[in-house]
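Everything numeric in this text was worked out from a predicted model, so none of it was measured. Convention: sequence-line order gives letters A, B, ...; per-chain numbering from 1.
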Number of protein chains: 2
Amino acid sequence: MKTRRVTLVDVARLAGVDKAIVSRVVNADPSLVIRPDTRERVLEAISNLGYRPNVAARSLRTAKAGTLGLVIPDFANPVYAEIITGAESAALAKGHVLVTGSSTGAHSSMDRYLDLLGQGRVDGLMLAGPTTAAEQQKLESLGLPWMMVNRRDTGEHHRYVILDDAQAAKLAVEHLLELGHRKIVHVAGPFGADTARRRATGYRQAMRVPDIPVRAEDIARGDYTPRGGAEAMAELLRKGAEPTAVFVANVAMAVGVLDTLRRADLRVPEDVSVVAVHDLPLAEHLVPALTTVRMPLQDLGARAVDLLLASSPEDEVAEVVRTAMELVYRESTAPPAAG
Amino acid sequence: MKTRRVTLVDVARLAGVDKAIVSRVVNADPSLVIRPDTRERVLEAISNLGYRPNVAARSLRTAKAGTLGLVIPDFANPVYAEIITGAESAALAKGHVLVTGSSTGAHSSMDRYLDLLGQGRVDGLMLAGPTTAAEQQKLESLGLPWMMVNRRDTGEHHRYVILDDAQAAKLAVEHLLELGHRKIVHVAGPFGADTARRRATGYRQAMRVPDIPVRAEDIARGDYTPRGGAEAMAELLRKGAEPTAVFVANVAMAVGVLDTLRRADLRVPEDVSVVAVHDLPLAEHLVPALTTVRMPLQDLGARAVDLLLASSPEDEVAEVVRTAMELVYRESTAPPAAG
DNA sequence: TAGGGTCGGTCAAACGATTGAACGAGCCTA
DNA sequence: TAGGCTCGTTCAATCGTTTGACCGACCCTA
């Protein structure tokens, strides 16, 4: 019972019109003038036969795939889950399908993807996470619009969308300042990540307002992982800093920071307050529940899609998404102990 | 500088051969007999021009998209992240691209996806997570091979791949038994989830070996969320069960279980041991670090892809992936307190 | 009644790759 | 030297849609 797939021609035959008519009806071509009853016949034929346009043929003809690509480092990282969610939603709203791939799996890599995507599989490409200059070079050569998401690209020709990380950091630090903290240290992210650099800048800026000096030993760097956070916190304690509060550059490191503080018999928030960027679902279930700054990561993903669809390969794109950020006040922050 | 895209014809012209030759070289057609120097010329032309086959044209001709679809409920759930990772890796290994979509977003739904996928966008479809009978009906009508992943489908015509959930449950409960526990209760998953039912069955089976009776009040049901787990645990305590150990059907609920135990001033593992299925990255960072049973979720995703690619729409597919499972012994389980 | 406008369609040429069939040039054999 | 075989390559139809160009019928107007 090998039912051949239904094509435009089948519909046209059933409706007694030319396939061109059917095509224009399907695509709501504004230049089409048609009698209501003819349109009715066509629509009926479509639904009777269960016609669905063949995407390959359409793509071939129009040179548009109706698909966008998003490459992330790792599906297991919840930060990317939010970006994906936002991007998918925006893509669907514009009638596009989103292909999300990870660049760190056993069989995957940027290169592998660029090969597989070939020509005409996607209309544009978004890269979240680290990318080498060589890869950016290769991207340019594809002739596709592309964009870095949550990372500034290097190079003179800019194509990126990022969030206002400095502002997020400020919100976090201001929260600590308002609670009365003055000895506030910072567990920063890796030097290579520009998000980490912007958050560190925001920390410094916020500390400047009440004119609290930030010494070198008030900042330690981790690699955005729990272990990295634990080590960075340990380093801060070892250096003799006796903070009443810690601003941590991401939640993964905050997990490690809490571990280290627990081992050092420092209670959170009684002895030390902890606040981190950004508000992952996980934050609520840590012990104590973590105070965070929620960043608009879904908006970031959505905005990337919109910009991508609106841009040509030659365009310059550089945007900072400034949707409101919010401090989520939970149990890990409190006023410093008196005295 | 609108450089026209490079096609087979361009390559053929440069190499001084017919485009048929180029096509066969690109696809490594075994029926092709060709002089080594000709092949060399072709390959050189390909690389000089940077030729990449047009996917749409190829799909149109071959009626194969080279793409598989995977629909999950939610990107933020780390369980699906593992399935995706496995599926992506297997798809790439077979030269296919994986399109992953979520069915619960603002603009997405099963239906929306089925429409968007149209005809010829994917060669097969995998559904992880709940699906209605109506949706299964619609899937059948697409004429595509499809498959439920980590869920048994209803209906007489089976298409599913699942894991051995009962075995996972047994491993967890046996671990508790070996530690010396006998008062072991179960926080089960929602009735609608067949994974939950299989895990409950495994719990009962394991308890039968040492002939420990399982009473109705030894099992409470949650909805696979932290809150659900917390409530189920509270219910168990209220019912007067004085367990020395809890087997929890998933990690999300275990988070809630730990909360409830903490609130009830029961120490873990001194007063109550807790073990859960499956080993998410998160488990290691809970307080105390959670003992779990690691299930081969990546294998599940990979196997689904392999089966999908090997099956026709009419085939029956029903497989239980039995890759070894492993108990991950952490801090939340210990022998029961003496006396 | 010739000329010009709508209306309501039809025609046919792309888009780029795949693939069965055909074909010419050598060479071998009888 | 004709016929057949192998080798290496070319020919051309085909996949299903899109879309600019064209066309016939009808009505209106001068």
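- Residue B:Val17 is in sugar-phosphate contact alone, with no base atom involved, counting any heavy-atom pair closer than 4.0 Å across all strands shown.
- Among the heavy atoms of the strands lying under 4.0 Å from A:Thr38 are primed sugar atoms or P, OP1, OP2 only; no base atom is included.
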Protein and nucleotides 11-13 of chain C: nitrogen or oxygen contacts under 3.5 angstrom:
none

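- Distance CG (A:Leu32) to C1' (C:dT10): 12 Å, rounded to an integer number of Å.
- Among the heavy atoms of the strands lying under 4.0 Å from A:Ser23 is at least one base atom, whether or not backbone atoms are also near.
- Look at CZ on A:Arg35: it is 13 Å from P on C:dC7, rounded to the nearest Å.
- Across all strands shown, A:Asn27 has heavy atoms under 4.0 Å from sugar-phosphate atoms exclusively, and none from any base.
- The shortest distance between the side-chain N/O atoms of B:Arg58 and the OP1/OP2 oxygens of C:dG16 is not below 4.0 Å.
- The pair A:Asp153-A:Arg159 fails the salt-bridge criterion, with no side-chain N (NZ, NE, NH1 or NH2) lying under 4.0 Å from an Asp/Glu carboxylate O.
- At a cut-off of 3.5 Å, with distance as the only test, no side-chain donor of B:Thr104 or B:Asp74 sits close to an acceptor on the other residue.
- For the residue pair B:Tyr51 / B:Thr7, no side-chain donor-acceptor distance below 3.5 Å is found, with atom types taken as modelled.
- For the residue pair B:Thr100 and B:Tyr80, no side-chain donor N or O sits within less than 3.5 Å of a side-chain acceptor on the partner.
- Residue B:Ser31 is the one, among B:Ser31 and A:Ile21, whose nearest nucleotide of DNA chain D lies closer to the 5' end (criterion: closest heavy atom).
- The nucleotide range of DNA chain D contacted by chain A, defined by atoms under 4.0 angstrom from heavy atoms of the protein and reported 5' to 3', is D:dG16 to D:dA21.
- Within 4.0 Å (heavy atoms only), A:Leu8 reaches at least one base atom of the nucleic acid.
- Judged purely by atom type and a 3.5 angstrom limit, A:Ser59 uses its side chain to pair as donor or acceptor with the backbone of A:Lys64.
- B:Thr38 places no side-chain N or O within donor-acceptor distance of the main-chain N or O of B:Ile34, the cut-off being under 3.5 Å.
- Annotation for B:Glu316: atom CD counts as buried by contact number, over 12 foreign heavy atoms lying within 6.0 Å.
- There is a side-chain donor-acceptor pair under 3.5 Å between A:Ser102 and B:Glu88.
- Side-chain atoms of A:Arg121 and B:Thr67 form a donor-acceptor pair, as typed in the model, at a separation below 3.5 Å.
- Interface residues of residues 39-49 of chain B facing DNA chain C, ordered by number: none; criterion, heavy-atom separation under 4.0 Å.
- Between B:Asp164 and B:Arg322 there is a salt bridge, since a side-chain N of the basic residue sits under 4.0 Å from a carboxylate O of the acidic one.
- By the neighbour-count criterion of 12 heavy atoms within 6.0 Å, atom NZ of A:Lys138 is densely surrounded, having more than that number from other residues, nucleotides or ligands.
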